[in-house]
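First the structure, in the form of structure tokens, and then the observations on it.
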Amino acid sequence: SAVISQKPSRDICQRGTSLTIQCQVDSQVTMMFWYRQQPGQSLTLIATANQGSEATYESGFVIDKFPISRPNLTFSTLTVSNMSPEDSSIYLCSVLHGGGNTIYFGEGSWLTVV
Amino acid sequence: AQKVTQAQTEISVVEKEDVTLDCVYETRDTTYYLFWYKQPPSGELVFLIRRNSFDEQNEISGRYSWNFQKSTSSFNFTITASQVVDSAVYFCALSEANSGYSTLTFGKGTMLLVSP
């Protein structure tokens with residue numbers, strides 16, 4: 001299995017600020033993704049983090065709000081920009097690992113915007 | 001229409017009871033993968049099982065078992081002799097060819113509360 005570390009694990013942020021979440025994997029992976037889980041809800045895919053090119057965003061998510069970097073095959077960042085209380089969520093990094101198409105998740109980053 | 005339906009929003013049981021969490025999915029693909037994840041209150045998503053569409057054998061892992069039935073598009077999860085530590089939200093999820101089997105469509109989750 002893959003070990004996926006996220007930082008920060010929790011944070012309380014002021015409205016209007018931006019926060020960058022880091023995702024580090026213990027092995028090289030081809031595919032990395034970011035999901036959002038709003039309070040009491042299921043998980044929704046934000047984007048695919050592409051190494052060496054711009055991220056691919058799902059409907060309803062835009063680069064200006066959620067810029068993503070993927071400088072190498074083990075690391076990615078997600079920035080939540082100009083935060084509002086509606087951005088209070090758990091943000092989870094995900095990777096496709098191994099030949100068996102198993103999808104693993106990081107521990108999640110729990111953001112509260114006040 | 002939802003692609004993954006977990007009709008049970010919340011289930012409460014007493015320790016040592018058996019409990020089954022239902023999952024019904026919808027896909028046009030012939031090849032797909034089904035997953036179950038556990039999300040305890042701490043928030044991390046713990047991988048439990050992955051099953052491909054060609055393998056309909058039931059699987060047992062300790063107190064956990066899974067019943068995959070293509071005929072009814074269901075992939076149900078049973079916990080035998082439940083324990084308080086099983087209390088969590090459980091998500092069923094589907095990956096399909098259009099994402100290269102790399103991303104997941106999740107159900108809304110079932111919250112399981114196991115009381116002593």
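Naming convention: chains lettered A, B, ... in sequence-line order (proteins, then strands); numbering from 1 in each chain.
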Seminar exercise, completed: d(Y35(A) OH, L45(B) CG) to nearest 0.5 Å is 9.5 Å

For this session: Check whether Y101(B) gets within reach of chain A through its side chain, its backbone, both or neither, counting any heavy atom under 4.5 Å.
Result: both

Exercise. So, do F47(B) and H97(A) sit near enough that their side-chain heavy atoms are less than 4.5 Å apart?
Worked result: no

For this session: Go through the atoms of I103(A) and report whether side chain, backbone, both or neither lie under 4.5 Å from a heavy atom of chain B.
Result: both

Exercise. For Q39(B) and I90(A), what are the C-alpha separation, side-chain angles and deciding distance, and is it a side-chain contact (heavy atoms from CB on, under 4.5 Å)?
Worked result: CA-CA 12 Å; Q39(B) 188 176 45; I90(A) 303 174; 4.2 Å; yes

For this session: Under 4.5 Å heavy-atom distance to chain B, tell me which part of L43(A) shows up: side chain, backbone, both or neither.
Result: both

For this session: Check each of S102(B), S95(B), S99(B) against L96(A) using the side chain to side chain contact (heavy atoms under 4.5 Å, CB included) test, and report the only one that passes.
Result: S102(B)

For this session: Measure Q6(A) against the heavy atoms of chain B and call it side chain, backbone, both or neither at under 4.5 Å.
Result: neither

Problem set entry | chain B contact via Q41(A) - side chain, backbone, both or neither, heavy atoms under 4.5 Å | backbone

Seminar exercise, completed: The interface call for S42(B) against chain A, heavy-atom contacts under 4.5 Å, is backbone

For this session: Take atom NZ of K70(B) as the centre, draw a 6.0 Å sphere, and report whether it contains more than 12 heavy atoms from other residues, nucleotides or ligands.
Result: yes

Exercise. Rounded to the nearest 0.5 Å, how far does OH of Y104(A) lie from CZ of R50(B)?
Worked result: 8.5 Å

